[in-house]
Amino acid sequence: MAVFVLALSAACFLGLGFVLQQHAAQRAPRADLLHWRLLLDLLRMPEWLLGTGFMITGLILSALALNQGEVSLVEPLLATNLIFAMALARVLTRQTLGRSGWAGVLLLALGVTAFIVAGRPTGGGAPASELRHWLVVGTVVGLTLLLISTARRLPLFEEATVLALAAGLLYGLQDALTRTTTQRLDHQGLEAVLRSWQPYAVVAAGVVGLLLVQSAFEAAPLRMSLPALTAAQPITGIACAVGFLGDRLRVTPGALAWQVAGLVAIVIGVVVIGRHPALPGTTGDVLESIGEVPGDSADDSDESDESDESDEGSEDDPPTGPSPG
């Protein structure tokens, strides 16, 4: 029960933090995209600092959950962060949940339940060899680099989605390595942890993932990035957990079918929620994300109307009385 409480609490703080960070990141200079100075500029924004505080709290809670439960159990629960993100965004945008919102929430909840019940994640499996460990890590890092290089050649909105996918891969890997680090800390002590490479990889993955996420938040509205991030993280985390942590899932045909169905439901639910009007992505948000402020265009329209009225006033008005003859 403690694992469920910790994981859901972590999801709550992460979801709230993502919304606040995105609201701030869209005000950052466009030239900062994928540059480290983006983080320096965001540090000056109180809203982003508050969102980062929520996110750090969520990361601490998720680390505690990972210390007590398997990655393949915690990751699906962390995917519910999108529900909490939509709850806050709903308050900000004053949008009702509606059928599509409830459908997304239901799909996500059922997907998480189906995967956990069918898979019955357990730990204690034989640890992977060093070669297999590095192969899994190298594959995730390689895919991340491929996505980043691909994103640079895409339009801005599509770039945000691909960058969020890359961040999700890193965050899933970070969760698995966090589990490794906490296990070593429990069994071998702090000195052994500091001598290993995993804690430094956790920090590196977190920092690079943060830059990717904030760049995605800056590039486009939240609905273009958060669903991809939320879907990629649990799948990657589960793959890493099974790949080198020794997590075990039931592998009977029926169990595998329900696990796949659960993961598919999670992804579909995440996408449905991500497209809900409650998430930032209105016309004003889109215009702001590409450098146009709706208020400015309105002012320009007013000025244009005034100019037109002025031009009309300068012309000779036709007589208002009946025409001669």
Side-chain angles (χ1 to χ4, degrees), residues 8 10-23 25-26 51 54-55 58 62 75-90 92-93 95 97-112 115 143-144 147-148 150-151 154-172 174-175 209-210 212-239 261-282 285-286 289:
L8 291 175
C12 176
F13 279 100
L14 289 172
L16 300 180
F18 286 147
V19 173
L20 294 174
Q21 286 181 332
Q22 194 272 340
H23 270 263
Q26 281 204 327
F54 280 137
M55 189 188 74
S62 65
E75 286 292 355
L77 296 172
L78 293 178
T80 60
N81 75 78
L82 193 57
I83 296 176
F84 297 101
M86 190 170 70
L88 176 59
R90 180 179 178 274
L92 296 176
T93 60
Q95 291 279 350
L97 200 58
R99 292 181 181 178
S100 63
W102 282 114
V105 170
L106 184 62
L107 276 171
L108 183 56
L110 290 177
V112 170
F115 181 85
L143 287 174
T144 301
L147 288 172
I148 295 173
T150 302
L154 295 175
L156 204 58
F157 275 25
E158 296 176 15
E159 182 179 6
T161 302
V162 176
L163 289 177
L165 277 174
L169 294 181
L170 282 182
Y171 282 159
Q174 181 189 37
D175 290 339
L210 180 64
L212 294 176
V213 166
Q214 302 310 315
S215 295
F217 287 169
E218 180 190 14
L222 198 63
R223 66 175 60 183
M224 302 301 298
S225 54
L226 191 54
L229 171 67
T230 305
Q233 182 175 352
I235 294 175
T236 305
I238 293 169
L263 288 176
V264 171
I266 290 173
V267 173
I268 295 176
V270 162
V271 173
V272 170
I273 294 174
R275 293 180 178 274
H276 193 273
L279 283 182
T282 60
D285 291 324
V286 174
S289 72

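Note: hydrogens, waters and symmetry copies are ignored here, and every other heavy atom, side chains too, is used. Throughout, numbering of the chain's residues begins at 1 and tracks the sequence. This is a predicted model, so every value here is computed, not measured.
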task = Fit a plane to each ring of Phe217 and Phe18, take the angle between them on a 0 to 90° scale, and name the class: parallel (under 30°), tilted (30 to 60°) or perpendicular (over 60°).
result = perpendicular
task = For Phe13, look at atom CZ and say whether over 12 heavy atoms of other residues, nucleotides or ligands are found less than 6.0 Å away.
result = no
ask   = Gly111 and Ala265: which non-hydrogen atoms are nearest, and at how many Å?
value = CA-CB, 3.7 Å
query = When rounded to the nearest 0.5 angstrom, what is the spacing between CG in Leu8 and CG in Asn81?
reply = 11.0 Å
query = For Gln233, what residues pass the side chain to side chain donor-acceptor pair (under 3.5 Å) criterion, not counting sequence neighbours?
reply = Asp175
ask   = Measuring from Ser225:OG to Gln214:CD, what's the distance to the nearest 0.5 Å?
value = 9.5 Å
task = List the atom of Pro234, the atom of Pro76, and the distance in Å for their closest heavy-atom pair.
result = CB-N, 4.3 Å
task = Give, for atom OH of Tyr171 and atom CG of Leu14, the distance between the pair rounded to the nearest 0.5 Å.
result = 9.0 Å
query = Any side-chain heavy atom of Ile235 within less than 4.5 Å of one from Val267?
reply = yes
remark   = Heavy-atom nearest pair, Gly58 first then Ala10, reads O-CB, 3.3 Å
remark   = Nearest heavy-atom approach of Ala11 to Thr80 is CB-OG1, 3.4 Å
message = What's the separation between atom CG in Leu226 and atom OG1 in Thr161, rounded to the nearest 0.5 Å?
response = 11.0 Å
message = Rounded at 0.5 Å granularity, tell me how far OG1 in Thr230 sits from CG in Leu108.
response = 8.5 Å
ask   = Where is the tightest heavy-atom contact between Leu163 and Ala216, given as atom of each residue plus distance?
value = CB-CB, 4.1 Å
query = Hey, does Leu263 have a side-chain heavy atom less than 4.5 Å from the side chain of Ile238?
reply = yes
request  = Give the intermediate values and the outcome of side chain to side chain contact (heavy atoms under 4.5 Å, CB included) for residues Glu159 and Val162.
outcome  = CA-CA 5 Å; Glu159 182 179 6; Val162 176; 5.9 Å; no
The single option from Leu212, Leu147, Leu229 passing side-chain contact (heavy atoms from CB on, under 4.5 Å) against Leu169 = Leu147
inquiry  = Side chains of Leu210 and Gln21, heavy atoms from C-beta outward: is any pair under 4.5 Å?
reply    = yes
query = Looking only at heavy atoms, what is the nearest atom pair of Gly269 and Leu107, with distance?
reply = CA-CB, 3.8 Å
